[in-house]
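Structure record follows, encoded as C-alpha cells.
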Number of protein chains: 2
Amino acid sequence: MSRNKYPEETRQLIIDVSTKLFMENGYEKTSLQDIINHLGGLTKGAIYHHFKSKEEILYAVVTHICNGNIPIMVAIRDDKSLTGKERLEKMFAVSLQNPKQKDVFAVTPNLLDNPTFLSYYIKMVVSDTVPYYIVPVIKAGVADGSIKTEYPEELSDLIMFLSDVWLNPLIFQMSTEQLVKKAKLLNQLLHPFGIQVLSEDLIMRLAQFQTFTEIK
Amino acid sequence: MSRNKYPEETRQLIIDVSTKLFMENGYEKTSLQDIINHLGGLTKGAIYHHFKSKEEILYAVVTHICNGNIPIMVAIRDDKSLTGKERLEKMFAVSLQNPKQKDVFAVTPNLLDNPTFLSYYIKMVVSDTVPYYIVPVIKAGVADGSIKTEYPEELSDLIMFLSDVWLNPLIFQMSTEQLVKKAKLLNQLLHPFGIQVLSEDLIMRLAQFQTFTEIK
DNA sequence: GGACATATACATACCATTGGTATGTATAAT
DNA sequence: ATTATACATACCAATGGTATGTATATGTCC
C-alpha cells in the first residue's frame, strides 16, 4: 500500500481495529501482529508512524470510546432549564440509551480479565468524566438546592465509581437479580443526598443489557 | 545450587522476591530475569519447577498477601460476644493497625499503573474476603438488629469495594484532606444502615499512612 | 500550470528481550 | 539401589520496538 491522501483515515482504521481486538480478546493478548493482520495490507510501519507504542494505541482507543458521548453530555451539563439533580439523572438515562452499548455488552468478556484496558478506562473516568461533567452538575444541584452534600467533589467521584465500576456487569459478572439488588441498594444510598440516578425504568434497561453478559 | 532439602523455602523465596518486585515495579514491568537476578543463584529452572507460569506466581503473591490477616479475621468473624456491627468495625480497625501496611504504603506506586496486580487483588477480595468474612458478619448484624438492610450480600460487596478500592490511596492518589473528606462521606453513606466502619480515630490513622503516598 | 524540493505515509529488514519448554543432572527420599 | 524430586542448562518462537528505505502527496517558485 502506498501512502494515503487522508492519513487520518488510516489512524482511525488502526484505532477501530484495535478497539475491537482489545475489547474482544484483551489488550495483553492482542499482539501487534494481530492488529496488522486486520489492517488489510498495512504493515507495522504504518502503526509506528501513527503511534509511538502499543500503549499509545490503547490510550487512543479508550479516549475514542469515552469521547463518543461528549457533545450530548456537554449539552446536558449546561442545560440551565434543569436542576442539577435532573441533569445528573438525565446523564445516566442517556448513557444507558446509547444503542452502541448493546453491541459492546455482547462481545466483551469480563474486563477484570482485561486489566490494562480497565485501568486506562478508570483513569479516564476519574480524570475526565468526573471533573468535567459530574462535579459541575452536582455543584449546580447543591446551589439550586436539589442536591444536598458538604462534599460535592467526593460525592461526584463516588457516584461515578459506583455506577460505572461497581454496578458494571462488564467488570463484575452477576445474575440479573443481583444487578437489580445492587441498583436498588445504590438508590437507597443516594437517597439522603436527594439523588436517584437509576429509575425503575433504567434498572430494567440495565438488566436487559446485562442479559448478554450473564453467566447461566 | 543443588536441590534444597526444604523446597518450600525456595518456593517462598520466589514469592517474597516477586512480591517486592511486583509491588515496586509492577507486574508487567518485572521480567522473569529480574526475579531470577534477586534469587541468589537460582535459575529459571527453579521457578518453572515451582510455578507453571509467570501469572501463577502473581496468583501466589496476591494469595499470600491476602492470607496474612486470615486468622485474626476468622477470630473476629466468629466472636459471638460482639454484635455484627461491632465485628465489622473491629475488622476495619485491625486491618488498619497492621504494622506491615506502613512499609507497603511507602514503596508502592499507584496500583492503577500496576493493572494486572490490581485486578488479581480485586478478584481475590470479591471472591474471598467478601463472602467468607464480610457477608457472615453483616448477616449476623441483620439478625441481631445492629445492621439494617434488605440486601446483606450487596451491602457487603459495596462496603468492601468502597473502603478497599475507592478509599485506597494506593489506587487513587489524593491529598490527605481529600482522603478525610472521602472517609467522612463514606460514614454518612453507611449511617442509615447503622454502620460506621471508620471512626474519627481510624480516619486519622488512615491519613497518616496516606502521607507516604501523597503527591506534594 | 509545470518542475523541483521537501515532508509525509508508509514498507522492509532487523533486533534484543520476553515467557516458556525440553532435557540433563545431582541430590534427597524410599 | 532405585526412584522421585529440585533444580540447571540450552534452546525456542513470538513479541514490542527501531533503523532505514521508498514512493507519493504537498508546498513552492517561476
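Just so it is clear: chains get the letters A, B, ... in the order the sequence lines come, proteins before strands, and each one is counted from 1.
The cationic atom of Lys54(B) (NZ for Lys, CZ for Arg) lies less than 6.0 Å from the six-membered ring centre of Tyr27(B) and within 45° of the ring axis.
Straight-line distance from the CG atom of Asn37(B) to the P atom of dT18(C): 10 Å, rounded to whole Å. Whole-Å rounding puts the Arg11(A) CZ to dA9(C) C1' distance at 14 Å. Distance CD1 (Ile47(A)) to P (dA9(C)): 16 Å, rounded to an integer number of Å. If you measure from atom NZ of Lys44(B) to atom C1' of dG20(C), you get 7 Å, rounded to the nearest angstrom. Between Glu56(B) atom CD and dG20(C) atom P the separation is 10 Å, expressed in whole Å. The distance from atom CD1 of Ile35(B) to atom P of dT18(C) is 11 Å, rounded to the nearest whole Å. Rounded to a whole Å, the CD1 atom of Ile36(B) is 10 Å from the C1' atom of dG19(C). Straight-line distance from the CD1 atom of Ile14(A) to the C1' atom of dA11(C): 13 Å, rounded to whole Å.
Close to dA6(D), at under 4.0 Å from its OP1 or OP2, lies no side-chain N or O of His50(B). For dA6(D), neither phosphate oxygen OP1 nor OP2 lies less than 4.0 angstrom from any side-chain nitrogen or oxygen of Thr10(B). Taking side-chain N and O atoms only, His49(A) has no distance below 4.0 Å to OP1 or OP2 of dC10(C). Proximity of Ser53(A) to the phosphate of dG16(D): no side-chain N or O atom is located under 4.0 Å from OP1 or OP2.
Distance from the side chain of Ala46(A) is smallest for dA11(C) among the nucleotides dT21(C), dA11(C), dC7(D). In this structure, of dA8(D), dT18(C), dA11(C), it is dT18(C) that holds the atom nearest to the side chain of Gln33(B).
Inspection of the Glu89(B) and Ser199(B) side chains reveals no N or O donor paired with an N or O acceptor under 3.5 Å.
Using a 4.0 Å cut-off between charged side-chain N and carboxylate O, Glu24(B) and Lys20(B) make a salt bridge.
Residue Ser31(B) is in sugar-phosphate contact alone, with no base atom involved, counting any heavy-atom pair closer than 4.0 Å across all strands shown.
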Stepwise salt bridge (Lys or Arg N to Asp or Glu O under 4.0 Å) check, Arg87(A) with Asp78(A): CA-CA 9 Å; Arg87(A) 280 181 242 174; Asp78(A) 300 334; 5.8 Å; no

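In this structure, Tyr120(B) has its ring center at least 6.0 angstrom away from the ring center of Phe22(B).
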